[in-house]
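Quick caveat, the model's predicted, so the values are computed rather than measured.
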Amino acid sequence: MEAQATATVKEALAALYHHPDDTIRTAADRWLQKFQHTLDAWQVADSLLHDESSNLETLMFCSQTLRSKVQRDFEELPSEAFRPLQDSLYGLLKKFNKGPPKVRTQICIAIAALAVHVPVEDWGGGGIVNWLGDEMKSQQEFIPSFLELLIILPQETSSYKIAARPERRNQFENDLCSSANVALSLLTACLGFDELKEQVLEGFASWLRFCHGITAATLASHPLVHTALSSLNTDQFLEAAVNVTSELIHFTVSRDSCGITEQFPLIQILIPHVMGLKEQLKDSSKDEEDVKAIARLFADMGDSYVDLIATGSGDAMQIVNALLEVTSHSEFDISSMTFNFWHHLKRNLTGRDSYTSCGSEVPIEAERNRRMQLFRPPFEVLVSLVSSRVEYPEDFHTFSEEDRRDFRYARYAVSDVLLDATDVLGGDSTLKILFMKLIQACGSGAEQNQNWQPLEAALFCIQAIAKSVSIEEKEILPQVMPLLPRFPHQEQLLQTVCSTIGAFSKWIDAAPAELPILPPLVDILNKGMSTSEDTAAAASVAFKYICEDCRGKFSGSLDGLFQIYHVAISGVGGYKVSSEDSLHLVEALSVVITTLPQDHARRALELICMPIINSLQEIIQQGESALQQVPARHLTVHIDRLSTIFSNVKLPEVVAEAVNRYWPTLKIIFDHRAWDTRTMESLCRSCKFAVRTCGRSMGITIGAMLLEIQTLYQQHNQSCFLYLSSEVIKIFGSDPSCASYLTCLIQTLFNHTIQLLRTIQDFTARPDIADDCFLLASRCIRYCPDLFVPTEIFPRLVDCAMAGVTIQHREACKSILCFLSDTFDLAKSPEGEKYRDLINTIVLQRGATLARIMIASLTGALPSGRLEEVSYVLLSLSRAFGGNMLNWTRDCIALIPPQALTDSERSRFLTIISDASSGSSLGSLTDRFAEISEVCRRNKAVQDIVQAALQPHDLAFMVAPQHS
């Protein structure tokens, strides 16, 4: 059998790497992947690795197979198989001492995984590190292999490819911490081999995470630390030395260290060695990767010691100046490494928590002022340095889309740094620095369109800090705004000019009346809308902000606004505003209308709605056939504009009149396009905003709307009808006068949905309906429980939720879980007391099945990303049904075989449920639920065993009878 499997593996590998037919290669790959999950794979992979005739392709496949088997399938083997496996792997480690390196690495990972699985005693009492030390001393010819294993051991502790139980993984980490001194001794011994120096440094960096039992003073004088720091000045070992030094820095500030004071012996030797690299940052002969490594080291030092740096000592300011050197580097990838440091320094300087050691308020304020003044000059330099990073390159027009995306990212990153600077310097002071850049740019020929890039860069930085500039600022902005109309209409510059106008809209509104700046700025926005799509987008957004914040200034200029609006939405007149960006103009006009007296607003609302309604009616008048065939976007472009109007005109009665007036038009679209999901989603969104704005002012229109969606939902199953109904429930649920038609709505929609969602396959096929259905159900529990909970539909919906809760669709699953937890919470809440007996009856009938489904969800039926939501449902169920839930859980986990869940793990699970019943918080329980979840998901075989035992998809549960 083994011989046949071995031959087949060889044939499949030959086909995978050498057959000319893609179909054959794909089939071979599929077979090999499946083979790796079989029990035979252990013996076949081991045998071929020991076979001297195996080629490199076979060795690579078999070493990867054996590594993955040890990682994930170790539990397949009987307990007595450990020793032969250990011996075999040890033999392979020595066999591949001189390579191939990739094969040797896979063997090392397999041995490390084996060490995670088995207790320390199995390695001879002293653990794998002591065992490894003995082997290194007795068989020095194999030191390269042993050293690689020593390097890999600490790296593999955090690998979740290893299917070990959490407690075993934690114990292994503890074992490594106990062995750290031995490991460092072995690494030190290997320093005698010059050719292994780089690997020794790599191993030291790996082991530092486990060295917290070693004091900083001991490390400060350790030969490995001396070797790493002295290697910082060598080209050959620079990268490895940087990695060690970075880990040493992290070691001194890690949560396991004994406080910063105890770390000073190590810190005091680290900082001078790092600072000694400062001149290399400017060395043009230095390899770029080496410069990046040095810059990363400075950034790590700054981030890690920011609390010390913020005290402002002389040494601290030297570090700050060095970090400014890094920030000034011409390569953005290097310069930007410091951005996190500046952010953390700003937070430290401005945050009150940084000054608690000062005692009372007066010394706190004095120390804060001292530090803020001390760090003003570096932050002023920072502003000047980063503001040059946003300048458009001359060859920008040749950039690929990826390069353009990177450039945009760089500008956003610089914007964040500038905002950090404003928190230290103040927005107005930062504005002065950037204004000087703008003036310099104006004097460099920018206004003649000869050199627009510096001008655009300065203006971009100014608009980036707009929110930090006081609206009372009277010195700089009154000089900036008159400059804007004088700038050339180069596309990128015009785009930034438009964005700047929008960014300072609040200042423009507060500007003194004697500064007539608004009309010329509106002219610029008009120009932006007719130049290009990009400038039109920026101008549209700016126009929205201007209208929002300066709405009072526009009340006498409605004719001009309407002209801009009509040109934009008609597509005639030269504007290059996309239909998406036109929504900004619709919103702009809508917020201005809100400020008008009601009679004027009513007329103005009609004026902005009529072009939209007329366009829809033109399509309708072409006949039923034309209405059914027209592309959805021809309808939604107009309906989306109605949505924006209904959302932003905050005049309930006026909007309600408009909705009532235009309802016949909307109803025709409902009736003839109900099959069209895109159009229905747009129309329901429009109705949602109408309901949200108008509330109870909608009058009879709301009844007609609800009747429409009830009828159409039963015919076309559009989930957006459920979503619209959720909004209606939220607004009208508590209104007794609406109880009759809301009850009808709830019954109709849920009855039909339950018919659609009978099995998990139904849920998977209709995730949007599941999502919106249970969102609606939760809304009913919150806003109108009297109309929902006491009805016959409620228990049927609980059954429906049980059938679909294991759906893999994230949002649908979350909605179902939320509905279940809302149900259990209602039973426990004071306001739900009157429903308690009813909910208890419903849940107790289904409790055993419900608990089993939820435990299956926790242990693998749902992705681990749903852990928090599943944990909360289990918590709610436990709080509401404590003793019963404990019994249901006990019966459920008794089904899981012992190879998947041990007795101690079962006991721990029951304790968690008991603690949940006793009132423990979700935060204290989620990690404990996660541990049980990890145990049951530790590899595919275990997860399959657990799910086969619980069978969440095959459970038969009671369905509440439907009353006629």
Hey, is Asp825 close enough to Lys828 for a salt bridge, meaning N to O under 4.0 Å? no

Quick check: do Gln598 and Val654 have side-chain heavy atoms less than 4.5 Å from each other? yes

Return yes when atom NE2 of His634 has more than 12 non-hydrogen atoms of other residues, nucleotides or ligands closer than 6.0 Å, and no otherwise. yes

Quick one: sort the Phe788 and Phe794 rings into parallel, tilted or perpendicular, breaks at 30° and 60°. perpendicular

Got a sec, which residues hit salt bridge (Lys or Arg N to Asp or Glu O under 4.0 Å) with Arg866, two or more places apart in sequence or on another chain? none

Pairwise distance CD1(Ile702) to CG(Leu707) - rounded to 0.5 angstrom: 11.5 Å

Between Lys667 and Asp671, is the closest basic N to carboxylate O distance under 4.0 Å? yes

Only counting residues at least two apart or in another chain, list the ones meeting salt bridge (Lys or Arg N to Asp or Glu O under 4.0 Å) with Asp549. Lys506

Keeping Ser933 on the side-chain end and Phe929 on the backbone end, is there a donor-acceptor pair under 3.5 Å? no

Counting only N and O atoms by type, is there a donor-acceptor contact under 3.5 Å from the side chain of Ser505 to the main-chain atoms of Cys550? no

Just wondering, more than 12 heavy atoms not from Lys467 lying within 6.0 Å of its NZ? no

Ion pair present between Asp640 and Arg685, side-chain N to carboxylate O less than 4.0 angstrom? yes

Geometric class of the Phe670/Trp663 ring pair [parallel <30°, tilted 30-60°, perpendicular >60°]: tilted

Once the angle between the rings of Phe774 and Phe819 is folded into 0 to 90°, is it parallel (under 30°), tilted (30 to 60°) or perpendicular (over 60°)? tilted

Go through the structure and list residues passing ring pair (Phe, Tyr, Trp, His ring centres under 6.0 Å) with Phe824, not counting sequence neighbours. none

Closest heavy-atom contact between Ser920 and Ser924? CB-OG, 3.8 Å

